[in-house]
Visitor: 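I'd like to ask some things about the structure below.
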Amino acid sequence: MAAAIIDAVLIQFIKYMSKGVVSKEEDYSQWYNDLVIKADMAEYSPVKGCMIIKPYGYSIWEKMQAVLDVMFKETGHVNAYFPLFIPKSFLSKEAAHVEGFAKECAVVTHYRLKNDGEGNIIVDPDAKLEEELIVRPTSETIIWNTYRGWIQSYRDLPILVNQWANVVRWEMRTRLFLRTTEFLWQEGHTAHATAEEAIVETEQMLNVYADFVENWLALPVIRGKKTANERFAGALDTYCIEALMQDGKALQAGTSHFLGQNFAKAFDVKFTNRENKLDYVWATSWGVSTRLIGALIMAHSDDAGLVLPPKLAPIQVVVVPIYKHEEELENIAAYVKGLTAELKAKNISVKFDKRDTHRPGAKFAEYELKGVPLRVAIGSRDMQNGTVELARRDTKTKETVAQEGLSVKIEALLEEIQQNIYQKALKFKTENTIEVDTYDEFKRLLDEQPGFLSAHWDGTPETEQQIKDETKATIRCIPLDNKQEEGKCILTGKPSKQRVIFARAY
RNA sequence: CGGGGUGUAGCGUAGCCCGGUAUCGCGCCACAUUUGGGAUGUGGAGGCCGCAGGUUCGAAUCCUGCCACCCCGACCA
């Protein structure tokens, strides 16, 4: 008896080792790293802090891009492209901006290498640039320098431009997808005649992001504003969406900034308004990055691998044939051909994995690891009975269903899975968003049940900083739809009119 | 930059204290048998033991120097 139990444990251990994914409970951050690598999303590169996004991971980014791009265009934006390099002097024109980014800039100082005569390739000291170039950490400066030439009159406004690009921020500590030295993103940069219009734009784009993350990533978010401490360098107001990961830590999933006239003033971008008066242009910028892939992985996955929402899954349905002889496979393949055509007509992506180099069990495990939402297994028994085995990734349940009407059922199931994943995440977020009224309780919850803590704050940067120093929790945001209520700051006891959201964050 | 740790096959590792040309698992290749939850057997390929120097008849092992990476902290609109 005891031996049998030990054997069972041993078998589990061996399975875990071969799959190579540490459990979520055991070590959340190791679990996350393992998943990214084992699910073939990305790998480490020879350059510290930079990663190689592999085809499977990149195809998720492509899907995100495709959806967001449509959303941007539907709200009137157009795409353009600005240089990777920014003259060093540009960065320093906006004081807060340079303050925020100076410490994480990659700098280009030379433009040529040469052979030193001993077989070594060295930087050619004679090829020093007159002015150093910064590899963009974000593009406000070069874009606003450009906008100066595009804008003379209110008739030239608004300018609603987005760019898909890579940026570099030399962070000290990096994490796959969540914070890498180089990352891919989109950055919108708009110019407006009035503050009101710019604020409307800022809020509109925040809502676009929130809709996208909730409906496509199946991840509920809190929409809010950042406090002054957490604001983007150079912004008057930073709006954000904050999501909660399964370990109770918050992740900023997107930001939209109201930049006021800061960049227009720094780059001297003036226009003549309807009253024939010169004024500075009002600005916004907004962005989401490949960090969203990290959010997607962290939010839904389990110890068996990724759990991808159907709407963003590169493969929505995988078909695994089970056969002993070639003619059985041909028989199954003939049926699958029809099924595939039906599914494709419904815009559902299907992979028929008929590799004979891997056995069915290995394929099952592989697609679970990769988070494919639905798996169809078909063997000779099914072909005789007119059935298939249908397994869903989110619940890990299997059922035998009729081949008749299968594509309709699959279509409905994919929708159901999308909803189910969202509801599960919503439940988690709701259960882990807790109102706290004392500092002791606040600290206890951070250690025992981390999540979003809704608490009163006296509104001062000093208090915010002290709480951060003492607990590592930061104010994630002041929710936009916040109810106003009288209360006392959890740290100082001073009066407060509303609660704000605290959490430890990535 | 401070504290700690690790470098051995594609990956994960044993060997190091006590010197004799490297162990095991996964993966890879071939063949056969298999295929409804991660197959089995037989055979095979693959190693500047992080780099450089030293001690020694002989170094993965001992000594010196260097390099790289990882973890914790600082940092992270």
Visitor: Roughly how many Å is it from CD in E99(A) to P in C75(B), rounded to a whole number?
Guide: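 It is 14 Å, rounded to the nearest whole Å.
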Visitor: Mind checking whether W282(A) and F258(A) have parallel, tilted or perpendicular rings, split at 30° and 60°?
Guide: parallel
Visitor: Taking atom P in both C29(B) and G46(B), compute the distance separating them and give it to the nearest angstrom.
Guide: 15 Å
Visitor: Any strand counts, and the cut-off is 3.5 Å on both contacts for Watson-Crick or G-U wobble. Which nucleotide pairs with C28(B)?
Guide: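 Its partner is G44(B).
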Visitor: Examine K370(A) relative to Y56(A) and say whether NZ or CZ is less than 6.0 Å from the centre of the six-membered ring and inside a 45° cone about the ring axis.
Guide: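 Yes, K370(A) and Y56(A) form such a contact.
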Visitor: Given that both distances must come in under 3.5 Å, which nucleotide forms a Watson-Crick or G-U wobble pair with G73(B)?
Guide: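 The base-pairing partner of G73(B), which may sit in any strand shown, is C1(B).
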Visitor: Among G73(B), G37(B), C76(B), find the nucleotide with the atom closest to the side chain of E368(A).
Guide: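 Between G73(B), G37(B), C76(B), the one nearest the side chain of E368(A) would be G37(B).
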Visitor: Between C70(B) and U64(B), how many Å separate the two P atoms, rounded to a whole number?
Guide: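 Here C70(B) and U64(B) have their P atoms 26 Å from each other.
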Visitor: How close or far is atom C1' of C76(B) from atom CG of N229(A), stated in whole angstroms?
Guide: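 My rounded result for the distance is 14 Å.
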Visitor: Side chain of K398(A), heavy atoms from C-beta onward: which of G37(B), A74(B), C76(B) has the nearest atom to it?
Guide: G37(B)
Visitor: Could E399(A) and K409(A) be called an ion pair, given the rule that one side-chain N must be under 4.0 Å from one carboxylate O?
Guide: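 Salt bridge: yes.
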Visitor: So, K226(A) and Q252(A): side-chain donor and acceptor under 3.5 Å apart, yes or no?
Guide: yes
Visitor: Can you tell me if R359(A) touches the phosphate of G36(B), counting only side-chain N or O atoms and a distance under 4.0 Å to OP1 or OP2?
Guide: yes
Visitor: Is the closest basic N to carboxylate O distance between D353(A) and R375(A) below 4.0 Å?
Guide: no
Visitor: Going by purine N1 to pyrimidine N3 plus the second Watson-Crick contact, or the G-U wobble pair, all under 3.5 Å, which nucleotide sits opposite C17(B)?
Guide: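 Pairing partner: none.
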Visitor: If you assign each of H257(A) and G49(A) to its closest nucleotide in RNA chain B, which residue comes earlier from the 5' end?
Guide: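 Residue closer to the 5' terminus by nearest nucleotide: G49(A).
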Visitor: Can you find a side-chain donor-acceptor pair between Y28(A) and Q246(A) that sits under 3.5 Å?
Guide: no
Visitor: For A52(B), which nucleotide is its Watson-Crick or G-U wobble mate, given both distances must be under 3.5 Å?
Guide: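 When the pairing criteria are applied, U64(B) turns out to be the nucleotide that pairs with A52(B).
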Visitor: Using a cut-off of less than 4.0 Å, is there contact between a side-chain N or O of R381(A) and OP1 or OP2 of G36(B)?
Guide: no
Visitor: Counting Watson-Crick and G-U wobble pairs only, both distances under 3.5 Å, name the nucleotide matched with A9(B), or none.
Guide: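 Partner of A9(B): none.
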Visitor: Hey, does T138(A) reach any base, or is it just sugar-phosphate, or nothing, if we go heavy atoms under 4.0 Å?
Guide: nothing
Visitor: From the list G37(B), G36(B), C76(B), which nucleotide is the closest neighbour of the side chain of E389(A)?
Guide: G36(B)
Visitor: Hey, which of these two, Y44(A) or A362(A), hits RNA chain B nearer its 5' end, going by closest nucleotide?
Guide: A362(A)
Visitor: Please give, in whole Å, the distance from A39(B) P to D356(A) CG?
Guide: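 Result: 14 Å.
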Visitor: C1' atom, G12(B) versus G27(B): distance in rounded Å?
Guide: 11 Å
Visitor: When rounded to the nearest Å, what value does the distance between P atoms of U35(B) and A22(B) take?
Guide: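 It works out to 41 Å between them.
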Visitor: I'd like to know if R375(A) reaches the base of G37(B) with its side chain such that a donor and an acceptor end up less than 3.5 angstrom apart.
Guide: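 Check passes, donor-acceptor contact within cut-off.
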Visitor: Return the residues of residues 318-338 of chain A meeting this criterion: a heavy atom under 4.0 Å from some atom of RNA chain B. Order them by number, or give none.
Guide: I322(A), Y323(A), K324(A)
Visitor: Under a 3.5 Å cutoff, is there a donor and acceptor pairing between the side chains of Q465(A) and D469(A)?
Guide: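 Yes, side-chain donor-acceptor contact under 3.5 Å.
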Visitor: Please determine, for the side chain of R179(A), which listed nucleotide (C76(B), G38(B), U35(B)) has the closest atom?
Guide: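 Output: C76(B).
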Visitor: When the P atoms of A39(B) and U34(B) are considered, how many whole Å apart are they?
Guide: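 My reading of the P atoms in A39(B) and U34(B) gives 16 Å.
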Visitor: If the C1' atom of A74(B) is compared with that of U56(B), how far apart are they to the nearest Å?
Guide: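 It comes out at 46 Å once rounded to the nearest Å.
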Visitor: Could you state the atom-to-atom distance from NZ of K103(A) to P of A74(B) in whole Å?
Guide: 14 Å
Visitor: Would you say the side-chain atoms of E462(A) and Q466(A) include a donor-acceptor pair closer than 3.5 Å?
Guide: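 Note: E462(A) and Q466(A) side chains miss the donor-acceptor criterion.
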Visitor: Give me the ring orientation class for F267(A) and F90(A): parallel if the planes are under 30° apart, tilted from 30 to 60°, perpendicular past 60°.
Guide: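 It falls in the perpendicular class, over 60°.
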Visitor: Please report the distance, rounded to the nearest Å, between CD in Q465(A) and C1' in A74(B).
Guide: 14 Å
Visitor: What is the separation between atom CZ on F183(A) and atom C1' on C76(B), rounded to the nearest whole Å?
Guide: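 Nearest whole value for this atom pair: 11 Å.
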Visitor: Does any donor atom in the side chain of S29(A) or W31(A) lie under 3.5 Å from an acceptor atom in the other side chain?
Guide: no
Visitor: Classify the nucleic acid contact of G379(A) as base, sugar-phosphate or nothing, counting any heavy atom under 4.0 Å across all strands shown.
Guide: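 Counting heavy atoms under 4.0 Å across all strands, the contact made by G379(A) includes a base.
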Visitor: For R355(A) and G38(B), give me the distance from atom CZ to atom P, rounded to whole Å.
Guide: 16 Å
Visitor: Could you tell me whether the phosphate oxygens of G73(B), OP1 or OP2, come under 4.0 Å of any side-chain nitrogen or oxygen in K472(A)?
Guide: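 Yes, K472(A) has a side-chain N/O under 4.0 Å of OP1/OP2 on G73(B).
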Visitor: Report the base-pairing partner of U33(B) (Watson-Crick or G-U wobble, both distances below 3.5 angstrom), or none.
Guide: A39(B)
Visitor: Measure the distance from CZ on F364(A) to P on G37(B) and round it to the nearest whole Å.
Guide: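 Checked: the CZ to P distance equals 7 Å.
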Visitor: With the criterion being N/O to N/O and under 3.5 Å, what pairs connect the protein with nucleotides 2-9 of chain B, and how long is each?
Guide:
none

Visitor: Answer yes or no: does atom NZ of K24(A) have more than 12 heavy-atom neighbours from other residues, nucleotides or ligands under 6.0 Å?
Guide: yes
Visitor: Tell me yes or no: between the side chains of D458(A) and T460(A), is some donor less than 3.5 Å from an acceptor?
Guide: yes
Visitor: Quote, to the nearest angstrom, the P distance that separates U23(B) from C48(B).
Guide: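 Those two atoms are separated by 15 Å.
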Visitor: Determine the interatomic distance between C1' on C28(B) and the same-named atom on C67(B); round to the nearest Å.
Guide: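 After rounding to an integer number of Å, I get 31 Å for this pair.
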